[in-house]
Amino acid sequence: MPASSSSLEAPSLVFALCIARHSLFTAKGDPWLACGAGCWLWAVSRRKLPGSCGIRSFQIKRFLEDTDDAELNKFVKDFPGSESCHQPEAKTRVSRSHLESRPQTPDLCQDDLEFRPPSWPQSCDSQQFFTAPAPLSPSARPRSPWGKLDPYDSSEDDKEYVGFATLPNQVHRKSVKKGFDFTLMVAGESGLGKSTLVNSLFLTDLYRDRKLLSAEERIMQTVEITKHAVDIEEKGVRLRLTIVDTPGFGDAVNNTECWKPVAEYIDQQFEQYFRDESGLNRKNIQDNRVHCCLYFISPFGHGLRPLDVEFMKALHHRVNIVPILAKADTLTPPEVERKKCKIREEIEHFGIKVYQFPDCDSDEDEDFKLQDQALKESIPFAVIGSNTVVEARGRRVRGRLYPWGIVEVENPGHCDFVKLRTMLVRTHMQDLKDVTRETHYENYRAQCIQSMTRLVVKERNRNCGGCRRCCTKSKDR
Ligand code: GDP
């Protein structure tokens, strides 16, 4: 390995200084004696003065053995390449061309150019002595715990790339550590199977503490908003799920404007988020914005009822609405198809903007495209809910047992439950959150800022009494 003598000077000097320091102690505070000893040793190490041959390996070792200066002892022991001190004959030729390419020290003599003092490590450049040890070779390195996802997990890749293709893994790791949250609202009249479906979707009992009302109580009840939160974990991924229910919705005799409390609740969550976001401490903002609303449509009507139209029209700019055809097992398959068609037509007719599935990228594989197409065509999802496990053809499944047979919740031939769950959890949960943030919340925020600005302008105009200077300016603007 080529090395210039200038690069060798630094370690020699440090070494000599240590010896001098040591000598200062052993020479009982006589600085001249200490200095002399240090200089002699340095000169010996650099110039091969008489007695230098093998001095480092033999004499320094003896010198250290004689004393109990642990610090110095440690320095020499820990000094990289100190093992090579034991090879007195090792002379390494230093390439002249290499030396010439570097700035040379003025006192460089022939010896310096041709020989490297044998006591210094031979195998590596002396500049490395004071830096961190060389990294382990890729094969010797402990494998990353994200090995399966690591695009560089081969030693060849390590040499050729900078490494930023691991950024998705870093994001993945952080997200998993933080956990996920999702807020789902269920709306629709009582008895359409909302709570049963939610429990079937997430395999939990979210409505343990629910109090069922009698028919009279239900008529008197106004729309309430209730929240149920649960932490669920699957394969190390934590999801904080919040279900917002709307008991009393559509139960009264007069249901006009019964969508209002729901709309207010959604706006309140936006407002709270807007306040938190504009506040001083933005670090641990709790996001309670509603990401999706499953709107349950009765299977017993003919398409949409006025209440359904009113609700969806009032809320489609605030939340992602996913229409659900409830209790699909009460309908025959042709009836399900007919009702779905009618509902789709009416949604179009009334200009209701239900959640739009994003278009597939052209480079997606065919299976994914087909799955996506099937999802889009299933709207409104015709679902069946059940929290009981029944035995069907020797298998235990979630389903509903009838005198004529069993309807299976998770059988795609019986209903769209699996499609709904796939969409909600596996494929579109993040998109639902993104649309909430980027579209619905942005709309709310823009409106808020606009009305705040209008208020400020109005207030200023009122205070200045409609003067010419600022009022005309604001008008111009
Ligand atoms: P919610 O008031 O909308 O929450 O409705 P529930 O989940 O409490 O369900 C009301 C009743 O409907 C219960 O007796 C359920 O067993 C039943 N139910 C729920 N889902 C279905 C379904 O898909 N089909 C049928 N036939 N009944 C259902």
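Heads up: numbering here begins at 1 and tracks the sequence. Heavy atoms only: backbone and side chains are in, while hydrogens, waters and symmetry mates are out. Both ligands and their constituent atoms are indexed starting at 1 by order of listing.
- The pair Arg344-Glu348 does not meet the salt-bridge criterion, since no charged nitrogen lies less than 4.0 angstrom from a carboxylate oxygen.
- No more than 12 heavy atoms of other residues, nucleotides or ligands shown are found within 6.0 angstrom of NZ on Lys458.
- Looking at ligand 1, you'll find an N or O of Thr196 within less than 3.5 Å of one of its N or O atoms.
- Salt bridge annotation for Arg238-Asp231: absent, with no cationic side-chain nitrogen under 4.0 angstrom from a carboxylate oxygen.
- At a cut-off of 3.5 Å, with distance as the only test, a side-chain donor of Gln272 or Asp276 sits close to an acceptor on the other residue.
- Close contacts between ligand 1 and Gly385 involve ligand atoms 20 (N), 21 (C), 22 (C), 23 (O) [criterion: under 4.0 Å to a heavy atom].
- The N/O atoms of Ile384, backbone and side chain alike, include none that comes under 3.5 Å of an N/O atom in ligand 1.
- Using 4.0 Å as the threshold, Tyr402 has a heavy atom nearer than that to some atom of ligand 1.
- Salt bridge annotation for Arg305-Asp308: present, with a cationic side-chain nitrogen under 4.0 angstrom from a carboxylate oxygen.
- Under the 4.0 Å criterion applied to side-chain N and carboxylate O atoms, Arg289 and Asp181 are not assigned as salt-bridge partners.
- Close approach to Leu192 involves these atoms of ligand 1, each under 4.0 Å from a residue heavy atom: 3 (O), 5 (O).
- Close N/O approach between Lys327 and ligand 1 is found [any backbone or side-chain N/O within under 3.5 Å].
- In terms of polar-atom proximity, defined here as any N/O pair under 3.5 Å, Ala328 makes no such contact with ligand 1.
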